[in-house]
Amino acid sequence: MTPVSPIHANEVFNQSPPYENVDLFSSDRPLIEAVEAHGAGDEAAALSAFGRQWGAAEMFALARRANENPPKLHAFDPKGFRRDVVEFHPAYHDLMRASVAGRLHASTWTPSGRRAAPPAEVARAARYYMAAQIESGHLCPITMTRAALAALAAEPALLAQVAPKVVGANYDPGFRPWWEKPGMTLGMGMTERQGGTDVRANSTTAVLTGDGYSITGHKWFLSAPMCDAFLMLAQAPGGLTCMFVPRFRPDGAVNALRFQRLKDKLGNRSNASSEVEFADAFAMRVGEEGAGIRTIIQMVQLTRLDCALASAAFMRMALAQAVHHCRYRCVFQKHLYDQPMMRAVLADLSLEVEGAVALVMRLARAFDRAAADPREAAYARLMTPVAKYWICKTAPGFIYEAMECLGGNGYVEESMLPRLYREAPVNAIWEGSGNVMCLDVLRALRRDPQAADLFAALAEIAAAPAGGKAEFGADPDEGGDEAGARLSVGRLAMLASAAALRATAPPVVAEAFARTRVAQAHGALYGAAALDARTTETLLQRALPER
Ligand SMILES: Cc1cc2nc3c(=O)[nH]c(=O)nc-3n(C[C@H](O)[C@H](O)[C@H](O)COP(=O)(O)OP(=O)(O)OC[C@H]3O[C@@H](n4cnc5c(N)ncnc54)[C@H](O)[C@@H]3O)c2cc1C
């Protein structure tokens with residue numbers, strides 16, 4: 001009888017090695033080119049160091065641990081006294097420490113709370129894009145902290161006290177008054193049970209007291225509840241008003257923020273999102289009474305930029321994992337990477353990321369230059385909701401397709417793809433959901449003549465070698481119709497991405513994008529874009545150089 005050879009259970013072959021210990025910057029040609037084109041090329045070495053730090057195996061492990069161990073609310077102590085603290089896993093704090101040390105929460109501000117000089121936005125966007133590829137939940141307070149200073153500008157005396165606490169590189173998670181801490185974080189509370197979009201319906205009240213305001217009411221979503229203070233909307237006597245609500249009162253007593261429970265969320269699990277009630281909580285006014293929306297919208301513009309950045313980052317990570325795996329995995333005696341149909345899928349995914357990163361980095365540049373150039377201010381105003389709408393809504397379907405490139409391996413938790421997939425929808429939902437972004441674009445097109453001009457200019461740039469502007473349907477008037485707004489905003493996103501690629505990417509890439517996404521409508525699924533062999537090879541090498 002022929003002896004049966006023993007099964008070598010430990011022998012693993014035809015699997016890809018872990019995708020880790022990578023330089024998230026140097027391995028990402030579209031990012032390198034966007035950074036260079038938008039004036040931050042001098043930071044390349046520092047960005048590469050940041051990319052190696054965040055691409056290390058240890059960071060992937062921290063991200064996994066922070067999400068496997070979600071935060072816990074301790075509303076009461078054992079004797080029934082209120083505690084209202086949320087406990088996070090040490091891995092979450094390690095991620096926070098790394099992001100604060102990298103100054104993702106503050107590098108666009110000076111110590112006095114003014115905007116830092118260009119290319120601060122572009123350099124920070126590149127760092128944020130890399131960090132978000134690894135873990136996004138902890139970036140919620142990072143995003144809110146950096147954005148809050150824009151709203152606090154409406155209250156210069158308060159800004160002067162808060163800004164020096166924010167801009168440093170010290171992460172201090174201690175539950176102490178913010179003025180005693182070397183560094184602080186800030187959150188935001190707008191959404192109530194009866195409405196998040198329609199914040200004018202906020203029912204929380206603010207009553208003037210001797211030293212500030214007294215807040216009574218609730219918020220239905222208050223993320224990162226261990227932030228040191230929150231910007232919130234409340235109805236003051238003069239109307240809806242922006243309030244600074246700290247965790248401690250000026251006398252050092254714990255402020256009356258009563259956490260009811262933490263949300264059990266689809267994703268974003270390393271981060272806590274609370275339901276909170278206020279019982280005469282202490283608050284300070286930010287801006288005029290009645291100017292609440294005008295004040296907090298300054299913050300919201302910046303958080304929307306980060307939503308788009310983070311979703312582009314998820315797409316990038318999913319793409320990199322897919323390309324990496326396919327380079328190692330053989331099916332029918334051939335690497336998946338060399339199978340014509342898989343190459344078509346990977347190249348089309350790569351082209352989608354090319355457009356997303358070009359658009360979002362172009363947008364970061366507009367934030368850099370907005371103060372000095374009205375055209376850039378118009379670009380930032382119009383393109384922020386466009387980019388948030390398009391990129392955030394593209395990400396979930398994109399990640400699903402990338403997951404499938406890894407076959408069954410992509411569906412299991414350790415592959416990281418499931419976490420990216422669950423995380424992605426939140427960026428579209430919060431800070432203004434999809435339809436709300438489209439309504440905002442219509443508003444900008446109607447009110448700002450510069451925005452309408454920009455629409456036409458983008459159409460021209462995007463169209464340049466490929467044909468006439470008319471075929472792109474670039475007519476700002478079509479945006480007057482709410483029911484058709486998604487169509488118009490989607491088109492605008494494609495025009496703007498194509499135009500951004502023309503400024504940063506090689507012609508073969510910009511051309512392929514314009515042909516497959518502007519001149520024609522892209523199909524619902526990836527891989528049917530009919531890219532030629534040269535374009536396919538260029539896109540794949542740019543997505544991830546072979547090691
Ligand atoms: C994980 C997570 C964390 C969050 N953290 C915070 C936080 O820290 N602070 C905070 O304030 N909020 C937070 N939110 C809340 C979030 O910002 C809101 O859920 C969001 O703004 C939508 O508000 P809503 O849930 O009340 O939905 P609604 O306002 O009821 O909207 C429902 C849907 O209707 C659409 N819609 C609204 N108006 C129109 C219209 N005129 N025409 C067509 N469609 C329309 C919207 O696009 C949306 O798709 C968080 C949400 C999540 C999921």
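In each ligand, atom 1 is the first atom listed, and ligand 1 is the first ligand listed. Atom set for the values below is all heavy atoms of this structure, side chains included, hydrogens, waters and symmetry mates excluded. Numbers for residues simply follow the sequence, beginning at 1.
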**Complete:** Hits for salt bridge (charged side-chain N to carboxylate O under 4.0 Å, His left out) against R97, two or more places apart or cross-chain, chain-then-number order -> D94
**Fill in**
Chain-and-number sorted residues having a heavy-atom contact under 4.0 Å with ligand 1 are M188, G189, M190, T191, G195, G196, T197, F221, L222, S223, K265, S273, V426, I429, W430, E431, S433, N435, V436, L439
**Item:** Within 6.0 angstrom of Y421 OH, more than 12 heavy atoms from elsewhere
**Value:** no
**Message:** Quick one, Q321 with S415, criterion side-chain hydrogen bond (donor to acceptor under 3.5 Å, both in side chains). Give me CA distance, side-chain angles, the key distance, then yes/no.
**Reply:** CA-CA 9 Å; Q321 297 266 4; S415 78; over 6 Å; no
**Sequence-distant partners of K263, salt bridge (charged side-chain N to carboxylate O under 4.0 Å, His left out), two or more places apart** = E275
**Message:** I'd like to know if R65 pairs up with E135 as an ion pair, taking the criterion as any Lys NZ or Arg NE/NH1/NH2 lying under 4.0 Å from an Asp or Glu carboxylate oxygen.
**Reply:** no
**Complete:** The salt bridge (charged side-chain N to carboxylate O under 4.0 Å, His left out) partners of E20 (sequence neighbours excluded) come to none
